[in-house]
Novice: 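For reference, the structure I am asking about is given below.
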Amino acid sequence: MLPLKLFDTYERRVREFIPLVEGEVGLYACGPTVYNYAHIGNLRTYLFEDCLRRVLEFNGFKVNHVVNITDVGHLTSDADTGEDKMELSARETGRDAWQLADFYSEAFKADLIHLNTLAPKIWCRATDHIVEQIEFVVDLETKGYTYRTSDGIYFNSRKLNNYGYLARLDVDGLQAGARVQLGERQFVTDFALWKFSNAKEQRQMEWDSPWGVGFPGWHIECSAMSAKYLGDFFDIHCGGEDHIPIHHTNEIAQTEASRGTRLANFWMHGYFLQVKNAKMAKSTGDFLRLETLIEAGYSAMDYRYFCLTAHYRSQMSFSWESLTANQTALARLYLHAYEWGAPGDVSSDYLDRFIAFINEDLNMPRALALVWDMVRDDELDPGTKKATLLKFDEIFGLQIAAWQPGISEVPQAVLDLADARTQARADKDWQRADELRDQIADLGYAVEDTREGPKITPRAT
RNA sequence: GGCUGGGUGGCAGAGUGGUCAUGCAGCGGUCUGCAACACCGUUUACGCCGGUUCGAUUCCGACCCCAGCCUCCA
């Protein structure tokens, strides 16, 4: 088996992945802040992480996969001047912050299930780990990396000589060009470890601490929880590209100060999905959810396939046109696989080429191109193609084995008309057959005569 | 303005110092009662200007444009 190579943002290069403990991988993925639904851009990152997980397991590693849920402390501004997102959302919707967190956590998990991602071994919520976070801050305080202002305990980024290395930050340049309010912070890159509750208003989420009642800063949860579940130095930490300059930079700073490690051996980042040349942002309000796609007639697998066509380290453009293109491609692939019948033996030649692609920093577009080469390969018999594709699908996760041509969820009235049309066609009464097709169309369905019989699909509106 | 990354054919999107990415769409066929589906064949490309080289889309430099972060963020 070819060695697995992955791109490490910390070193800015592709290098061989060798686990710290033989045969095992500690994988920590930054999860959602549960104040709203996840949009399809968010989900692209989790699909990348799912591919990573699957490739690691394909290589024979046991993956200890941890995903956190941020349900407190993430401010509306990363400059620590904004409001807690959970509290804000709770106030706006008139709901309890705790209920809100549960609701959106479950919605998020449901999306991941629809997308056929492998469940993490551990889900961890920030609010369930307040003690660990306080202990982490106490440790930082003991080691002299903190200072106190009127609204919280802050991390002194100036105490580290390589602060910002992950993002290649020009710290001096940041100071010169800073447009953010410094407040009582001593330096722009300093950040909150613990925030005090405002005496004037009652927070729904707050805890006692050595520094008074308040709540943890956003970054400390990941350092504290990853240390608890994976240790002070583990294999891979991932998240979205936007986390490179602030969130992950600060996680590294905290852990470096407290534990003396850079937290993870590999730092990996999924890149943004763009819509009309701009990233999809939760704050704009009009973002696309997985459910939006499903309502428009696409399946979760269509979106999964769509994401597989681009490398995880490339920003990708979303459009309905390209989603439709990939829906068509996947439908054809399903049909091919179905017609190939029972699986035979896996082609070792194709499998070797496949592994070469996925082990070269998860090159899914290449792996997918290989699938189409195989589809059109006259040298291979159907059983071999089927077995090989099913093997590949352990990585793709497109649920190819389960697919079959279905007419499920089509109203009985439409099915009756389709039956009548089939009879008319058998009688060679073409006029009657076309009339029935028009009637089916009026009910919102299209009928096509495939080799497996009539195929009925909802018409695009 | 500072920092990070990118500009590939109608769309999406790989890759490489000199022979094909791939998918969708288009075009021409086979099939079909007509269509659609499926299949076969096929057209269009590497932002701009210099440099290195026998040869650059691929390496180097300048320029233009785009995205991300610095302000909410996967």
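Convention: sequence-line order gives letters A, B, ...; per-chain numbering from 1.
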Novice: A:Leu273 near the nucleic acid: base, sugar-phosphate alone, or nothing, with a heavy-atom cut-off under 4.0 Å?
Specialist: base
Novice: For B:G23 and B:C48, measure between their P atoms and round to the nearest Å.
Specialist: 27 Å
Novice: May I ask you to say what A:Thr324 touches in the nucleic acid, namely base, sugar-phosphate or nothing, with a heavy-atom cut-off under 4.0 Å?
Specialist: nothing
Novice: When you compare the protein's N or O atoms with those of nucleotides 7-12 of chain B, which come within less than 3.5 Å of each other, and at what distance?
Specialist:
none

Novice: Any idea which of B:G33, B:C37, B:A14 is nearest the A:Leu335 side chain?
Specialist: B:C37
Novice: Could you give the distance separating B:G18 and B:A74 at their P atoms, to the nearest angstrom?
Specialist: 41 Å
Novice: Counting only side-chain heavy atoms from C-beta out, which of B:G13, B:C24, B:A74 sits nearest to A:Thr328?
Specialist: B:C24
Novice: Thinking salt bridges, do A:Arg185 and A:Asp190 make one under a 4.0 Å N-O criterion?
Specialist: no
Novice: Taking the side chain of A:Phe272 as its heavy atoms from C-beta onward, which of B:C34, B:A14, B:G68 lies nearest to it?
Specialist: B:G68
Novice: Quick one: label A:Gly270 by what it contacts on the DNA or RNA (base, sugar-phosphate, nothing), any heavy atom closer than 4.0 Å.
Specialist: nothing
Novice: Taking 4.0 angstrom as the limit, do A:Arg353 and A:Asp377 come out as a salt bridge?
Specialist: no
Novice: Inspect the contact between A:Arg432 and A:Asp427 and indicate whether a charged nitrogen and a carboxylate oxygen are less than 4.0 angstrom apart.
Specialist: no
Novice: Please classify the nucleic acid contact of A:His269 as base, sugar-phosphate, or nothing, using heavy-atom distances under 4.0 Å.
Specialist: nothing
Novice: Is it the case that the side chains of A:Glu251 and A:His243 hold a donor-acceptor pair, with the cut-off being a distance below 3.5 Å and no angle test?
Specialist: no
Novice: Using Watson-Crick and G-U wobble pairs with both distances under 3.5 Å, what is the 5'-to-3' dot-bracket string of RNA chain B, with [ ] for crossing pairs and | for pairs outside the strand?
Specialist: (((((((..(((.....[...))).(((((.......)))))....(.(((..]....))).))))))))....
Novice: If you take all heavy atoms of A:Arg304 and A:Leu47, which pair is closest and at what distance?
Specialist: NH1-CD2, 3.6 Å
Novice: Would you indicate, yes or no, if B:U4 has its OP1 or OP2 atom less than 4.0 angstrom from a side-chain nitrogen or oxygen of A:Arg12?
Specialist: no
Novice: What nucleotide among B:A74, B:A21, B:A35 has an atom nearest to a side-chain atom of A:Pro365?
Specialist: B:A21
Novice: Regarding A:Arg53 and A:Asp50, does a basic nitrogen lie under 4.0 Å from an acidic carboxylate oxygen?
Specialist: no
Novice: To the nearest Å, give me how far apart CG (A:Leu308) and C1' (B:G13) are.
Specialist: 13 Å
Novice: Is the gap between the ring centers of A:Tyr229 and A:His129 under 6.0 Å?
Specialist: yes
Novice: Can you give me every donor-acceptor pair (side chain of residues 290-303 of chain A, partner residue at least two apart or in another chain, under 3.5 Å) with its distance?
Specialist:
unit_1: A:Thr292; atom_1: OG1; unit_2: A:Arg289; atom_2: N; d: 2.9
unit_1: A:Thr292; atom_1: OG1; unit_2: A:Arg289; atom_2: O; d: 3.2
unit_1: A:Tyr298; atom_1: OH; unit_2: A:Thr324; atom_2: OG1; d: 2.6
unit_1: A:Ser299; atom_1: OG; unit_2: A:Met301; atom_2: N; d: 3.3
unit_1: A:Ser299; atom_1: OG; unit_2: A:Asp302; atom_2: N; d: 3.0
unit_1: A:Ser299; atom_1: OG; unit_2: A:Asp302; atom_2: OD1; d: 3.4
unit_1: A:Ser299; atom_1: OG; unit_2: A:Asp302; atom_2: OD2; d: 3.3
unit_1: A:Asp302; atom_1: OD2; unit_2: A:Ser299; atom_2: N; d: 2.9
unit_1: A:Asp302; atom_1: OD2; unit_2: A:Gln327; atom_2: NE2; d: 3.0
unit_1: A:Tyr303; atom_1: OH; unit_2: A:Ile40; atom_2: O; d: 2.5

Novice: Using a cut-off of strictly less than 4.0 Å, decide whether A:Arg376 has a side-chain nitrogen or oxygen near OP1 or OP2 of B:C40.
Specialist: yes
Novice: So A:Cys222 and A:Cys30, do their side chains get closer than 4.5 Å, heavy atoms only?
Specialist: yes
Novice: Look at the side chain of A:Asp434 and the base of B:G33, then say whether one donor and one acceptor between them are separated by less than 3.5 Å.
Specialist: yes
Novice: With sugar-phosphate meaning primed atoms plus P, OP1 and OP2, does A:Arg168 contact a base, only sugar-phosphate, or nothing at under 4.0 Å between heavy atoms?
Specialist: sugar-phosphate
Novice: Which atoms form the tightest heavy-atom contact between A:Ile252 and A:Arg262, and what is the distance?
Specialist: CG1-O, 3.9 Å
Novice: Sticking with atom C1', work out how far B:A14 lies from B:U8, rounded to a whole angstrom.
Specialist: 10 Å
Novice: Just the rounded figure in Å: distance from P of B:G6 to CD of A:Glu241.
Specialist: 12 Å
Novice: I'd like the C1' distance from B:G28 over to B:C66, given in whole Å.
Specialist: 38 Å
Novice: Just how far, in rounded Å, is P of B:U4 from CG of A:Asp8?
Specialist: 17 Å
Novice: How far, in whole Å, is B:U42 from B:G10 if one measures between their C1' atoms?
Specialist: 16 Å
Novice: Reckon A:Arg332 has a side-chain N or O less than 4.0 Å from the OP1 or OP2 of B:A25?
Specialist: yes
Novice: Return the value, rounded to whole Å, for the distance between atom CD1 of A:Ile246 and atom C1' of B:G68.
Specialist: 11 Å
Novice: Which protein N or O atoms sit under 3.5 Å from an N or O of nucleotides 57-62 of chain B?
Specialist:
none

Novice: Between B:G26 and B:U4, how far is it from one P atom to the other, in whole Å?
Specialist: 44 Å
Novice: Nearest-Å distance, CZ (A:Arg353) to C1' (B:A14)?
Specialist: 15 Å
Novice: In chain order, what residues pass the side chain to side chain donor-acceptor pair (under 3.5 Å) check against A:Thr117, with sequence neighbours excluded?
Specialist: none
Novice: Would you tell me if any nitrogen or oxygen in the side chain of A:His247 comes within less than 4.0 Å of OP1 or OP2 on B:A74?
Specialist: no
Novice: Using atom P of each nucleotide, how far apart are B:C39 and B:U44 to the nearest Å?
Specialist: 23 Å
Novice: Pick the nucleotide of RNA chain B nearest each of A:Trp430 and A:Pro245; which residue has the one closer to the 5' end?
Specialist: A:Trp430
Novice: Which residue lies toward the 5' end of RNA chain B, A:Gln315 or A:Trp372, if each is placed at its nearest nucleotide?
Specialist: A:Trp372
Novice: Just to confirm, is there a sub-4.0 Å distance from OP1 or OP2 of B:G13 to any side-chain nitrogen or oxygen of A:Arg313?
Specialist: no
Novice: Give me the atom names and distance for the closest heavy-atom approach of A:Pro216 to A:Ile220.
Specialist: CB-CG2, 3.9 Å
Novice: Can you tell me which residue pairs pass the ring-ring contact (aromatic ring centres under 6.0 Å, His included) test with a partner in residues 368-394 of chain A, sequence neighbours excluded?
Specialist: A:Phe354-A:Phe392
Novice: Report yes or no: is the cationic atom of A:Arg332 (NZ for Lys, CZ for Arg) under 6.0 Å from the centre of the six-membered ring of A:Tyr334, at an angle within 45° of the ring normal?
Specialist: no
Novice: How many whole angstroms separate atom CG of A:Leu370 from atom P of B:G23?
Specialist: 12 Å
Novice: Per the ring pair (Phe, Tyr, Trp, His ring centres under 6.0 Å) rule, which among A:Tyr46, A:Tyr37, A:Phe103 passes with A:Phe108?
Specialist: A:Tyr46
Novice: Which whole number of Å gives the distance between the P atom of B:G61 and that of B:G6?
Specialist: 13 Å
Novice: What nucleotide among B:A25, B:G13, B:C34 has an atom nearest to a side-chain atom of A:Arg421?
Specialist: B:C34
